[in-house]
Structures are given as C-alpha cells and as structure tokens.
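In what follows, a single structure is set out as structure tokens and then discussed.
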Amino acid sequence: MVEDELETTIKKLQKKIDDDEEQTYSKVVIREYRNPANFGVLKHPNAVGIIKGPCGDTMKISIEVIDGQIQDARFWTDGCGATLACGNMLTKTIIGKTLRAANKVNSKQLLDDLDGLPKEHDHCALLAVNALHEAINNYEIQEKVRV
Ligand code: FES
C-alpha cells in the first residue's frame, strides 16, 4: 500500500519534471541531452580543446583529423543539460566536415540547430563552440610545429 503511494508520487514528480522540461526546452534540446551519444573523450585524439566558461562549467572537445577532415569527435562537460545538448549537437555537426568548415560553425548556428535555448543558456552554446575552436587551433599549432 505504502509502496503504491510512493510509486504514484514518484510518477507524478517525474511527469512534473518532464512537463517543466518541455516548457523550457525545444524537443531537439531534450532529445540531445537525454541521449548524448558523443559524450566522452576520444582514445587517440589529434587535438583537444578545453574551455572553462564564466559560469564555472568546463567543456572539452576532442577531435580525430585525417587529411584535414574531422573523422570523429567527442565532448565532455560538467555543465548543465543545455551544455550536454550543445556538446552533442556540435560534435554531430562537425563529424565529416573539413577543419575550415568546422571552424566556421558559430554559436548562432548551434543555437539554430537546437531550435534555440532559453536566453540564460545562450552562453552554453558559446562555451561548446569556443572549445571546438580551441581544439582546431591546437591542431593547427601542432601541425605547424611538425612541418
Ligand atoms: Fe554553465 Fe550551461 S550553465 S555551461
């Protein structure tokens, strides 16, 4: 009996959390942060970019590059759900792109791809994009040193 009441309460709470999420975030954002398939760090990345945002959260993007093209990418963050969505969408977007094309991806494009974020989370997209640009920059520095 007590277990049934507890289960009903948990279900109600979960429904309230889901309803609040759906009112706050787009369907795309919810899909991305509930299933962040690219979360993690590549085993043998060619370059990594790590940026800590003003909110105190960190984003790490690792990329594998072959012939100037991003073959694979992962992200890691200790940030909020919006940051998870940004990292996942961004890594999906850049896989298969040349470094030059990936370097042109900006936070506006990422926000558009996510169907927007609440204004107070716009900086999460900037954090992800800055970490990507840092990874590409680190890759290019390494390549110059090698030549
Ligand atoms: Fe810090 Fe999202 S709140 S990155």
Side-chain angles (χ1 to χ4, degrees), residues 6-145:
L6 185 63
E7 198 170 310
T8 304
T9 304
I10 289 170
K11 277 184 184 161
K12 277 185 188 167
L13 269 173
Q14 188 58 54
K15 174 144 181 29
K16 165 119 181 57
I17 290 168
D18 290 348
D19 289 349
D20 287 351
E21 265 181 10
E22 282 160 23
Q23 283 179 6
T24 307
Y25 297 107
S26 72
K27 283 189 170 54
V28 181
V29 170
I30 292 171
R31 183 193 70 207
E32 294 299 312
Y33 80 65
R34 283 188 185 165
N35 182 27
N38 288 339
F39 184 85
V41 180
L42 289 173
K43 271 197 179 141
H44 304 290
N46 296 109
V48 175
I50 304 172
I51 300 279
K52 191 174 189 129
C55 60
D57 297 333
T58 299
M59 174 68 82
K60 180 175 186 176
I61 302 268
S62 55
I63 53 174
E64 182 190 329
V65 182
I66 298 178
D67 292 335
Q69 191 176 38
I70 297 177
Q71 300 296 313
D72 209 355
R74 293 285 184 280
F75 77 98
W76 178 92
T77 185
D78 57 0
C80 61
T83 320
L84 277 173
C86 289
N88 205 52
M89 180 59 91
L90 183 61
T91 48
K92 279 165 61 175
T93 300
I94 61 167
I95 291 171
K97 278 193 179 351
T98 62
L99 286 172
R100 183 185 288 237
N103 216 12
K104 285 185 183 157
V105 175
N106 59 30
S107 61
K108 184 188 176 320
Q109 182 188 337
L110 180 54
L111 288 168
D112 287 348
D113 290 346
L114 289 166
D115 280 347
L117 280 172
K119 264 276 163 264
E120 65 272 21
H121 284 287
D122 277 1
H123 71 275
C124 310
L126 189 60
L127 179 64
V129 167
N130 285 344
L132 168 64
H133 293 167
E134 177 77 3
I136 293 172
N137 192 41
N138 287 339
Y139 178 82
E140 287 171 346
I141 290 169
Q142 278 170 218
E143 287 303 294
K144 275 185 196 148
V145 169

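Start at 1 and go down the list; that is how both ligands and their atoms are numbered. Just so it is clear, the values below take in all heavy atoms, side chains as well, and ignore hydrogens, waters and symmetry mates.
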Should the ring pair Phe39 and Phe75 be called parallel, tilted or perpendicular, given that the plane angle runs from 0 to 90° and is split at 30 and 60? perpendicular
CG of Asn138 to CD of Glu134, rounded to nearest 0.5 Å, is 4.5 Å
Less than 3.5 Å apart, any donor N or O on the side chain of Tyr33 or Glu21 sitting next to an acceptor on the other? yes
The protein N, O or S atoms lying under 2.8 Å from atom 1 (Fe) of ligand 1 are Cys55 SG, Asp57 OD2
Would you give the length of the straight line joining atom NZ of Lys119 to atom CG of Asp122, rounded to the nearest 0.5 angstrom? 4.0 Å
Interatomic distance, CD1@Ile50 vs NZ@Lys60, rounded to 0.5 Å, equals 4.5 Å
Can you list, pair by pair, the side-chain donor-acceptor contacts under 3.5 Å of residues 80-93, counting residues two or more places apart and other chains?
unit_1, atom_1, unit_2, atom_2, d
Thr83, OG1, Cys80, N, 3.3
Asn88, OD1, Ala37, N, 3.2
Asn88, OD1, Asn38, N, 2.9
Asn88, ND2, Glu32, OE1, 2.8
Thr91, OG1, Asn38, ND2, 3.1
Thr91, OG1, Gly87, O, 2.9
Thr91, OG1, Asn88, O, 2.9
Lys92, NZ, Glu32, OE1, 3.4
Lys92, NZ, Glu32, OE2, 2.8
Thr93, OG1, Met89, O, 2.8

